[in-house]
Amino acid sequence: MAKSQQQAYDEFIKGVWRENPVFVQVLGMCPMLAVTNSAINGIAMGLATFFVLVCSSFFVSLLKSFIPKQVRISCFIIIIATFVTVVDYTLLALVPKVHKELGAFIPLIVANCLILGRQEAFASKNTIPMAMLDAVGMASGFLLALVSLGGIREILGEGKLLGFSLFGPNFEPWVIMILPPGGFITLGLMLLFFNWVEERKKKLDAQLAAAEGGAD
Amino acid sequence: MSDQEQQAPAGGAEEPSPNRLVGTLAVAGLISGVIIIAVYLATFNTIKENKARELREAVFRVLPGVAHMQKLLLKDGKLVVSHVEEKDEEPIYAGYDKEGNFIGYAIPSAGPGFQDTISVLYGYRPKERLVVGMWILDSRETPGLGDKIYKDAAFVANFDRLEVDPKIVAVKKGTKSKPNEIDAITGATISSKAVVRIINEGNERWLSKLPEPGSEPAFEKVEEKKGEKGKEGQEHPPGANDEGL
């Protein structure tokens with residue numbers, strides 16, 4: 001029991017942190033860079049991707065024994081595209097303002113390689129509960145990345161977070177941060193940070209191993 | 001070579017028949033199609049109402065004092081009131097006050113901006129030949145600079161009581177001196193000039209086709225009420241065209 005719980009936790013947390021789709025796998029860069037000029041856009045895009053990834057993983061895992069492997073990619077794409085269309089119409093009906101901001105990038109979720117990647121690499125080979133955990137973890141990691149990037153860019157580029165002014169009227173917004181170059185700069189710095197953390201961890205582990213070896 | 005030899009028997013053993021492959025894809029496509037159509041139908045009316053409401057709000061914004069509006073279409077060189085939706089229609093809108101007196105036209109016009117097409121709706125009062133309001137329906141101008149064409153209240157206020165003759169001109173900020181000039185936005189001159197050009201183009205296209213002041217199409221109250229009650233979307237089968245926005 002404890003072991004399976006540990007495994008479940010691992011499947012979930014690997015997407016959020018250890019194998020974060022954006023910061024570690026560097027997948028799904030198109031929406032990542034294009035719509036993160038504010039935190040709210042990041043949240044909307046993250047949730048849309050969340051829904052599509054989780055639903056697709058569920059159905060791919062459910063139907064994996066029915067789908068012949070020769071046509072699996074086409075079937076995955078059909079499943080993904082169906083949910084993307086559902087999201088597209090739903091956003092258009094319920095929150096037209098958000099839909100307008102995200103524009104062409106909602107239909108482009110179909111082509112997000114994070115989603116197809118998870119179907120091919122995980123959902124089509126694992127049980128439904130595991131596929132769900134993996135999808136929820138990966139989608140959360142993606143959402144987290146979009147929100148943090150969008151938040152940083154909005155704070156620096158507009159002096160606001162989620163539309164609330166943070167620094168008062170004297171703050172001169174750093175406009176480049178909400179322009180495309182700002183996306184690349186911020187993402188680059190965040191990747192740098194993640195790699196630095198990883199390097200540090202490796203060094204610590206090595207030191208730890210060396211110390212243990214010495215003790216023996 | 002050895003790879004191929006190894007793979008061939010393994011793959012051949014459980015090679016599904018072509019029928020199975022085609023069948024799987026057909027079933028997947030069919031289910032997907034049914035789901036998509038269901039969602040489309042379920043959201044159709046809401047989306048249509050959203051678009052109609054957005055347009056109504058925009059018309060009310062660019063024509064102060066308007067309480068009712070109706071759509072006008074150009075037919076055989078004459079503007080006629082229209083209550084149905086047609087394909088590829090290019091309407092303008094007439095605004096009326098509570099008593100049904102004509103106030104002005106709301107004219108949509110679009111053209112290239114700094115990044116992408118800017119769609120503008122502006123209010124025009126033919127009697128005084130004045131632009132009385134401007135609203136950006138759609139644009140993808142640079143955030144923080146070009147998007148001031150709708151975020152900067154001072155720029156939008158330029159279009160209140162703006163003379164259209166001989167034509168509207170954008171001048172450097174703070175140098176506006178004539179009633180047909182507007183102050184451009186510092187750092188977004190191209191976007192500012194684009195808005196002005198789009199409105200001038202709209203004027204060129206429409207002003208000569210408008211009826212003489214005083215002989216505007218009257219407000220057809222009965223029709224409007226019927227249209228509102230029936231919520232248009234239910235009168236026409238789904239799949240009819242969306243509002244031409």
Side-chain angles (χ1 to χ4, degrees), chain A residues 34-38 41 55-56 59-60 63 65-97 99-104 110 153-154 156-160 172-183, chain B residues 10-11 14-55 57 114-116 119 136-148 150-151 187-188 233 238 242 245:
Chain A
V35 302
T36 52
N37 50 12
S38 69
N41 284 357
C55 293
S56 306
F59 278 96
V60 165
L63 300 169
S65 48
F66 296 101
I67 300 175
K69 74 174 196 305
Q70 288 83 350
V71 293
R72 68 184 189 285
I73 302 287
S74 332
C75 287
F76 298 165
I77 289 285
I78 291 174
I79 292 171
I80 296 168
T82 309
F83 287 111
V84 169
T85 313
V86 170
V87 168
D88 194 20
Y89 280 121
T90 314
L91 286 181
L92 189 55
L94 298 182
V95 277
K97 280 210 178 99
H99 187 275
K100 205 171 166 184
E101 285 283 320
L102 299 183
V110 179
R153 289 177 67 188
E154 191 181 353
L156 295 177
E158 281 195 278
K160 293 175 183 171
E172 183 60 41
W174 208 4
V175 172
I176 193 164
M177 295 310 285
I178 43 175
L179 300 180
Chain B
E14 27 175 314
E15 187 77 49
S17 70
N19 287 346
R20 168 109 203 278
L21 297 184
V22 173
T24 310
L25 281 179
V27 170
L30 187 74
I31 296 171
S32 159
V34 169
I35 295 174
I36 289 176
I37 292 168
V39 173
Y40 174 73
L41 290 180
T43 54
F44 181 80
N45 281 331
T46 326
I47 292 172
K48 212 174 140 162
E49 275 163 31
N50 282 345
K51 280 187 174 166
R53 195 182 56 234
E54 219 172 86
L55 179 74
E57 277 170 9
F114 184 62
Q115 293 196 349
D116 204 347
S119 299
I136 306 288
L137 293 173
D138 201 11
S139 74
R140 298 213 158 269
E141 296 307 281
T142 320
L145 295 170
D147 67 353
K148 286 188 185 160
Y150 60 93
K151 283 190 176 157
D242 293 353
L245 268 178

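The model shown is predicted, which means the values in this text are computed figures rather than measured ones. Proteins get letters first, then strands, A, B, ... in listed order; numbering begins at 1 in each. Because only heavy atoms are used, hydrogens play no part in the values below, and waters and symmetry mates are left out as well, while side chains stay in.
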Quiz item: Just wondering, do A:K100 and B:D138 contact through their side chains at under 4.5 Å, heavy atoms?
Solution: yes
Supply the atom-to-atom distance [X] [atom1] to [Y] [atom2], rounded to the nearest 0.5 angstrom.
| X | Y | atom1 | atom2 | result |
| --- | --- | --- | --- | --- |
| B:F114 | B:D147 | CZ | CG | 12.5 Å |
| A:I176 | A:L156 | CD1 | CG | 11.5 Å |
| B:Y150 | B:L137 | OH | CG | 12.0 Å |
| B:N50 | B:L55 | CG | CG | 12.5 Å |

Quiz item: If you count heavy-atom pairs under 4.5 Å between each of A:P180, A:A93, A:G157 and chain B, which one has the most?
Solution: A:A93
Could you list the donor-acceptor pairs under 3.5 angstrom formed by side chains in residues 74-87 of chain A, with sequence neighbours left out?
residue : atom : partner : partner atom : Å
A:T82   : OG1  : A:I78   : O            : 2.6
A:T82   : OG1  : B:S32   : OG           : 2.8
A:T85   : OG1  : A:A81   : O            : 2.7

Practice problem: Please list, in residue-number order, every residue in residues 18-25 of chain B that has a heavy atom less than 4.5 Å from any heavy atom of chain A; write 'none' if there are none. | Solution: B:R20, B:L21, B:T24, B:L25
